[in-house]
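Computed from a prediction, not measured in an experiment: that's the story for all the values here. Hydrogens, waters and symmetry mates play no part in the numbers below; they use all other heavy atoms, side chains included.
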2 protein chains.
Amino acid sequence: MARKTGSHSDITGPRVRDAAISLIAEKGFAAVSMRQIAAAVDMQAGALYNYTADKQSLLFDLMRTHMEELLEARAEAAVTGDALTRLEAFTRFHIRFHLPRSREVFLSYMELRNLTPENFAGIERLRKVYEDDLEAILIDGQRAGVFKIADTKIATLALIAMLTGISNWYRPDGRLSIDRIEEIYWALVQNAVGAAEIAATAAE
Amino acid sequence: MARKTGSHSDITGPRVRDAAISLIAEKGFAAVSMRQIAAAVDMQAGALYNYTADKQSLLFDLMRTHMEELLEARAEAAVTGDALTRLEAFTRFHIRFHLPRSREVFLSYMELRNLTPENFAGIERLRKVYEDDLEAILIDGQRAGVFKIADTKIATLALIAMLTGISNWYRPDGRLSIDRIEEIYWALVQNAVGAAEIAATAAE
DNA sequence: CATTTAACTGAACGCCTGTTCATTTGGGAA
DNA sequence: TTCCCAAATGAACAGGCGTTCAGTTAAATG
């Protein structure tokens, strides 16, 4: 046996990537073998090398693609307006983008240490773009007196950690809908940056 | 060669555990071999089996010990008083306990999926005790009208994710001291649960 | 329909894996 | 000082690892 009926790189390529994402998210990069990935798409391990140079490149490609899709989606969902409006847009975007991608989120946060130093630097650079996007909003709001933040850099990391943590417990069939989660976290974010406090004070 | 001069299980045991924590935190459980751990303490791989039944038990012991030390330290640092006071104590305790234990934190959050189902259940049970501790504080404060929280369960997870995220960027020689980090995060936590807002409203 | 090319197999490579065990040696007690 | 046991060694086991490649088959091209 050799080439399979109906086989096409356009079809097999995405299937390989999808199987790799699932397996790596479940077991971890180091714990998943090329033979396991191949078996998941009903192939022999050797055939995977039509789709990736090696195992390391496969991991990097998955993570880079995830980060690029994140930045691209964020750019498309860009919003203008005051800091509070933009913070709300960021919060809701983050949740809506990440919740349906629990495998990729898991993978991207867990497998950084399995990247070579060069590949790691590449991913970190993309991650920093996203963080800077949020920090710019916080700095703006701080300057406008709308937010009350002790340290915008720390607040950025704290908010992203809080929001990304949703992926650790969210289940599509769980107690809370995505809409409800958005509302709850938007309230938490608003409070955390001191926006609610200012609002209450202004209402005096 | 066989038994080494000055060798004692009381000494070698902790050395093995410490080397295992460092290596697993750095590379991940699946990526670290028993031979690598043994080499870090200058032994042969076979000798490790004087200290652990197998590789899986080693991981489980490391994680269980970490969680038990967390719960024990938390019990010792217990504070009575109103919800705000106890929330502050919890926040500061969490930071002070976790910051010097970045390896264990990393390991405990990353390697859950490498536990067998039974071992996983054991660790999750301990984790839940800690989460419930925080949620009890939030529920109390909510009832007393001191906190303004949409969903105490979610707020619990959000706060822990935010606080534990510190371990991802904290460096002992970094820009911020532990004291300063405590202050910044206590302000964020206070805000997030709506305590600051209540305070501001009351000051009208 | 003939030819080329893309997609895949299956075997092989050297190396590493967790774990076991007979054997050896040092430490502590009698 | 003799004895016993704790604490290691180092070789061996069967099996899995990432990766390569000659060979085979289906699809695409003309």
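An OP1 or OP2 oxygen of C:dG26 is reached within less than 4.0 angstrom by no side-chain nitrogen or oxygen of B:T5. Between A:H8 and the phosphate of D:dA28, there is a side-chain N or O to OP1/OP2 separation shorter than 4.0 Å. For C:dA7, one of the phosphate oxygens OP1 or OP2 lies less than 4.0 angstrom from a side-chain nitrogen or oxygen of A:S9. Phosphate proximity of C:dG18 to B:K55: present, with a side-chain N or O under 4.0 Å from OP1 or OP2. In this model, the phosphate group of D:dG16 is not approached by any side-chain N or O of A:S33 to a distance below 4.0 Å at OP1 or OP2. Close to D:dA7, at under 4.0 Å from its OP1 or OP2, lies no side-chain N or O of B:T12. Contact annotation: B:Y51 reaches the phosphate of D:dA8 (side-chain N/O to OP1 or OP2, under 4.0 Å).
Nearest to the side chain of A:R3, among D:dT19, C:dA7, C:dG28, sits C:dA7. Distances from the side chain of B:M34 to the nucleotides D:dA7, D:dA26, C:dG18 place C:dG18 closest. Of the listed nucleotides (C:dA7, D:dA8, C:dG18), D:dA8 has the atom at the smallest distance from the side chain of B:N50. Side chain of A:A2, nearest nucleotide from D:dA8, C:dG26, D:dG23: D:dG23. Comparing C:dG18, D:dA8, C:dA7 by their closest approach to the side chain of B:A47 singles out D:dA8.
For the pair B:K4 NZ and D:dG10 C1', the interatomic distance rounds to 12 Å; values are reported in whole Å. In this entry the distance linking CG of A:L48 with C1' of D:dC17 reads 14 Å, nearest Å. The interatomic distance linking B:Q36 (CD) with C:dC15 (P) rounds to 17 Å, in whole Å. Computed from coordinates, the B:Y49 OH to D:dA8 P distance equals 16 Å when rounded to whole Å. The CG atom of A:N114 sits 12 Å away from the P atom of D:dG18 (whole-angstrom rounding). Put simply, CZ on B:R15 is 14 Å from P on D:dA7, counting in whole angstrom units. Rounded to a whole Å, the CD atom of A:Q44 is 14 Å from the C1' atom of D:dG23. To the nearest angstrom, C1' of C:dG18 lies 14 Å from CD1 of B:I24.
Within the 4.0 angstrom heavy-atom criterion, only backbone atoms of the sugar-phosphate kind lie near A:V32; the bases stay farther away.
Taking only distance into account, the side chain of B:R35 meets the base of C:dG18 through a donor-acceptor pair shorter than 3.5 Å.
Among all heavy-atom pairs drawn from B:M162 and A:M162, the shortest one is SD-SD, 4.1 Å.
Residues B:Q56 and B:N119 have side chains in contact (heavy-atom distance under 4.5 Å, counting atoms from C-beta outward).
By the 6.0 Å and 45° rule, B:K55 does not stack over the aromatic ring of B:F60. In this structure, B:R125 is not positioned above the aromatic face of B:F120 in the sense of NZ or CZ being under 6.0 Å from the six-membered ring centre and within 45° of the axis.
A:R17 has no carboxylate O lying under 4.0 Å from a charged side-chain N of A:D61, or vice versa, which leaves the two without a salt bridge.
Ring pair B:F93/B:Y130 is tilted by interplanar angle, where 30° to 60° counts as tilted.
Checking A:G46 against B:A53, the closest nucleotide of DNA chain C that is more toward the 5' end is the one next to A:G46.
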